[in-house]
Amino acid sequence: MSNTPAYVERRMTRSEFITLRGLRHHVLRWGDASLITPERPLLVMLHGWMDVGASFQFAVDALDALGDQRTVLAMDWRGFGLSDNGGGDAYWFPDYLGDLDALLDAVSPDAPVDLLGHSMGGNVVMSYAGVRPQRIRRLINLEGFGLPETKPEMAPGRLVAWLDELKEEQRLKTYPSLEAVAERLIKTNPRLSTAKAQWLAPHWAHEFDGQWLILGDPAHKRTNPILYRRAEILATWAAIEAPTLWVEGDSTDITKWWGDRYPRADFESRLAVVKDLKQARLSDAGHMLHHDQPEALAEHLASFLA
């Protein structure tokens, strides 16, 4: 890998820290306030589980190549990247909504934003847009499918699993070098180029005592004892007022994650409650579509956000 040409950013980013709800959050910013207008508001991008805000660099660069140099901000969720951990032994979905609300109050208190989320971040932004519709001008969900429906009788087992896991130390795998981290990224997503993997590696991990550790709190691995209630999600999705863009990769197969517990028809019925919806499907792309096809994604974003 050492002879691979380095990935070179088209747009340089500024790394900043902001305290939200008592925790220091890391944010990356491309561009400045002079680029913001009512027609081209701040674009906020929110990453998925076990990812970081820097993951959006390739999509931001692709937007720049199209001549779209809007101001973009990406945050590391609590317990990921350079943001503080939650301070407890578990993470709760409503806390992500609270952190996002605090972020927008801090960075765009008087104007709506364009809001994009990937995977877990996509699930967060959909719920947020339903409860704070006045804060969002345009909404983009990149493969935030939600989760399979749960049933009340599952609650005892989930609580037992959570209580048992609280007694166990959670750990993430360590790596001997940045090159090994890059190789792990490529193993997870074979479409990721070596140059991009090498660029992402130092944003995704840090060195400690000669080993490279993933920048994620191991507590994220614990079972969530709160059941996922489809009806509640549908209520928030149905309340979304912003024009919404759903984007997925043509190689994503949700049965690989959940088997027959979450049929595609179930997801389509959820998406159908969104009032103003456009859909896009990227060729030769999987779940990490912003890595796989950033140029194709940027074309859809630029058109939708114009």
Side-chain angles (χ1 to χ4, degrees), residues 17-28 46-55 74-106 117-128 131 144-175 181 184-185 188 203-230 232-233 236 257-258 261-262 287:
F17 290 90
I18 183 171
T19 298
L20 306 172
R21 303 176 63 222
L23 297 179
R24 193 176 79 149
H25 284 70
H26 179 235
V27 298
L28 295 173
L46 298 165
H47 66 81
W49 192 78
M50 284 296 166
D51 203 357
V52 292
S55 184
M75 178 179 72
D76 294 344
W77 289 118
R78 61 170 58 201
F80 293 114
L82 299 179
S83 292
D84 284 348
N85 290 344
D89 48 24
Y91 286 81
W92 313 108
F93 188 81
D95 272 327
Y96 299 123
L97 298 180
D99 292 346
L100 175 55
D101 201 42
L103 174 69
L104 297 190
D105 285 346
H118 171 248
S119 194
M120 183 192 83
N123 297 329
V124 176
V125 302
M126 292 288 280
S127 290
Y128 184 80
V131 298
F145 288 96
L147 297 170
E149 171 73 300
T150 56
K151 299 177 181 180
E153 54 266 29
M154 298 170 66
R158 290 278 284 270
L159 287 167
V160 168
W162 180 65
L163 290 172
D164 288 345
E165 289 174 12
L166 288 179
K167 304 176 189 299
E168 303 171 358
E169 181 182 3
Q170 302 295 317
R171 294 182 179 180
L172 297 177
K173 183 178 178 180
T174 61
Y175 299 87
V181 174
R184 179 66 179 84
L185 287 166
T188 301
H203 296 278
W204 203 60
H206 69 153
E207 188 177 16
F208 182 76
D209 284 347
Q211 292 288 306
W212 287 85
L213 308 177
I214 302 305
L215 288 168
D217 186 352
H220 285 293
K221 296 176 62 178
R222 289 195 172 99
T223 296
N224 191 324
I226 303 301
L227 297 183
Y228 185 90
R229 299 177 177 90
R230 181 180 185 273
E232 295 178 5
I233 295 300
T236 56
W257 304 326
W258 301 299
R261 292 187 297 125
Y262 190 5
H287 187 56

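This structure is a prediction, so every number in the text was calculated from the model and none was measured.
- Looking at Arg21, its side chain does come within 3.5 Å of a backbone N or O of Asp95 through a donor-acceptor pair.
- To the nearest 0.5 Å, atom NE2 of residue His203 and atom OG of residue Ser55 are 10.5 Å apart.
- Here the straight-line distance linking atom CG of Asp51 with atom CE of Met120 works out to 9.5 Å at 0.5 Å rounding.
- Of all heavy-atom pairs spanning Leu97 and Ser127, the tightest one is CD2-CB, 4.0 Å.
- The distance from atom CZ of Phe80 to atom CE of Met50, rounded to the nearest 0.5 Å, is 5.0 Å.
- Among all heavy-atom pairs drawn from His26 and Ser83, the shortest one is N-OG, 2.8 Å.
- With ring centers used as reference points, Trp257 lies under 6.0 Å from His287.
- Of all heavy-atom pairs spanning Lys221 and Gln170, the tightest one is CB-OE1, 3.8 Å.
- Using cut-offs of 30° and 60° for the angle between ring planes, the Tyr96 and Phe93 rings count as perpendicular.
- In this structure, Leu20 and Met75 approach most closely via the heavy-atom pair CD1-SD, 3.7 Å.
- Between Ala161 and Thr223, the closest heavy-atom pair is CB-OG1, 4.1 Å.
- The CG atom of Leu227 lies 6.5 Å from the CE atom of Met154; values are rounded to the nearest 0.5 Å.
- The minimum heavy-atom distance between Lys173 and Ile214, with the atom names listed, is O-CG1, 4.1 Å.
- His25 and Thr19 share no side-chain donor-acceptor pair at under 3.5 Å.
- Taken from OH in Tyr91 to CH2 in Trp49, the straight-line distance is 11.5 Å, to the nearest 0.5 Å.
- Taking CD of Glu165 as the start and CG of Asn224 as the end, the distance is 10.5 Å to the nearest 0.5 Å.
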